[in-house]
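Reading through the structure tokens given below for one structure.
Sequential numbering from 1 along the given sequence is applied to the chain's residues. Whatever order the structure lists them in is the order used to number ligands and atoms, beginning at 1. Atom set for the values below is all heavy atoms of this structure, side chains included, hydrogens, waters and symmetry mates excluded.
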Amino acid sequence: MKAVRLQATGQLQLCEVEKPVPGPGELLVRIEACGICGTDRHIFHGEFPSKPPVTLGHEFAGIVETVGPGVTDFRPGMRVTGDPNISCGSCEECRRGRVNLCRNLRAIGIHRDGGFADYVCMPQSQAFALPADLDPLHGAFCEPLACCIHGVDLAGLHAGASVIVLGGGVIGLLTLQLATLAGATRVVLVTRSDGKRRLAESLGATATADPGDGDIIARLTDADGLLPGGADVVFECAGVTDTVQQAPRLARRGGSAVILGVMPQGAKIEIEPFDLLFREVRLISSFVNPFTHGRAADLIATGRIKVEPLISRRIGLAEAPDAIINPARGGEIRALVIPGRE
Ligand code: NAP
Ligand code: ZN
């Protein structure tokens with residue numbers, strides 16, 4: 001079979017490899033689609049730790065081809081999505097239920113072979129069923145959606161809340177939809193590109209703003225701004241220091257700022273502790289997807305979260321190395337790798 005392998009940092013190739021054989025408790029899944037995520041680009045450049053040689057791809061879904069000994073919950077022909085993050089279950093954090101903080105966390109597509117391939121092998125405990133009649137490409141959005149669900153859970157978002165989302169990529173556009181589903185009445189999305197702002201409006205944003213257009217804090221929170229006094233919850237989904245710095249300042253008194261974006265290691269921001277304290281703003285960070293993948297699968301299976309408009313490009317495995325090595329194209333939300341596509 002074909003697989004896109006990271007041989008070493010900066011060395012990514014389409015290779016011919018042995019089709020894996022599922023071991024006890026494992027599923028062999030024929031990949032239908034696997035999303036290219038910013039993390040794949042960071043891994044390629046050595047900015048995110050991985051374990052080469054390894055097949056990349058952690059946002060995948062497909063059809064069970066065969067099952068290993070002892071598999072009880074899945075059978076060939078079923079459509080599944082994979083939660084890539086495998087926790088050890090026995091470290092101190094896992095035993096406290098904080099599986100995303102597992103000290104031995106290993107991810108499919110980062111530490112063991114992933115979804116930029118014809119097939120992937122994974123423990124059945126990482127798999128979640130998807131409906132047979134679902135669009136075969138939509139399952140690839142379960143992983144990023146599961147990460148956004150964790151952020152919304154941590155925020156404790158209530159019906160009637162006001163929300164600001166910083167960043168109009170996949171994470172921002174999925175978070176926007178989750179906030180709306182959770183009952184937020186006003187959701188303002190801030191992103192530079194006009195196309196992404198239009199898309200956000202079509203997906204439920206009540207208003208959008210361009211961060212380059214004057215003083216964004218004043219434009220949003222001033223008495224005559226879009227959300228006077230700030231938002232109950234601000235989600236930082238851009239992954240740049242500017243937005244991390246803005247997030248707590250855009251929160252209202254007693255509000256929360258949730259950081260989802262991944263910053264380069266060592267990056268620093270300035271915060272004003274006086275302001276955080278006297279406005280009692282909660283600064284929260286949200287890391288991956290503890291126990292949220294099943295809910296993500298359900299939201300996508302039922303069509304409650306729209307993912308079709310987030311697909312910007314469909315490519316085959318042969319084009320995948322180039323698409324990962326180069327930055328995302330202007331305006332692109334998600335490129336999906338579809339094995340078997342020319
Ligand atoms: P993305 O496609 O790069 O989207 C981020 C968007 O932010 C960009 O498309 C850009 O759009 C916008 N942006 C850049 N500078 C901005 C600014 N100053 N103000 C407002 N918007 C700005 O990335 P993504 O896939 O959506 O992921 C977003 C972040 O979440 C990344 O850092 C990613 O690594 C991280 N992430 C975290 C988790 C987690 O578990 N916490 C999981 C997955 C991903 P414009 O060009 O329109 O501005
Ligand atoms: Zn653990």
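Contact annotation: for Ala238 versus ligand 1, heavy atoms closer than 4.0 Å belong to both the backbone and the side chain. With a 4.0 Å cut-off on non-hydrogen atoms, Glu59 does not touch ligand 1 at all. Looking at Ser286 against ligand 1, only its backbone comes within 4.0 Å, counting heavy atoms. Only side-chain heavy atoms of Lys196 come within less than 4.0 Å of ligand 1; its backbone N, CA, C and O stay farther off. Here Pro211 has side-chain heavy atoms under 4.0 Å from ligand 1, and that is the only part of it that gets that close. If you look at Thr243 next to ligand 1, the close heavy atoms, those under 4.0 Å, all belong to the side chain.
Within the structure, the closest approach of Arg334 to ligand 1 falls below 4.0 Å when heavy atoms are considered.
Atoms of ligand 1 found under 4.0 Å from any heavy atom of Val288, numbered from 1 in the order shown, are 39 (C), 40 (O). Listed by atom number, the atoms of ligand 1 under 4.0 Å from Cys237 heavy atoms are 5 (C), 28 (C), 29 (C). Proximity to Val170 (heavy-atom distance under 4.0 Å) selects the following atoms of ligand 1: 26 (O). Proximity to Gly239 (heavy-atom distance under 4.0 Å) selects the following atoms of ligand 1: 32 (O). Below 4.0 Å from some heavy atom of Gly167 lie the following atoms of ligand 1, by number and element: 7 (O), 12 (C), 20 (C), 21 (N). Counting the atoms of ligand 1 from 1 in the order shown, those under 4.0 Å from a heavy atom of Cys147 are 40 (O), 42 (C).
For Arg30 and Asp118, the salt-bridge test fails: no basic side-chain N is under 4.0 Å from an acidic carboxylate O.
Regarding atom 31 (C) of ligand 1, its nearest protein heavy-atom neighbour is Val262 N, 4.0 Å.
The shortest N or O to N or O distance between Thr39 and ligand 1 is not under 3.5 Å.
Heavy-atom proximity to atom 16 (C) of ligand 1, evaluated over Glu143, Arg192, Arg41, Gln246, is greatest for Arg192.
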- Step by step, work out the salt bridge (Lys or Arg N to Asp or Glu O under 4.0 Å) result for Asp215 and Arg219. CA-CA 6 Å; Asp215 177 350; Arg219 272 185 39 243; over 6 Å; no
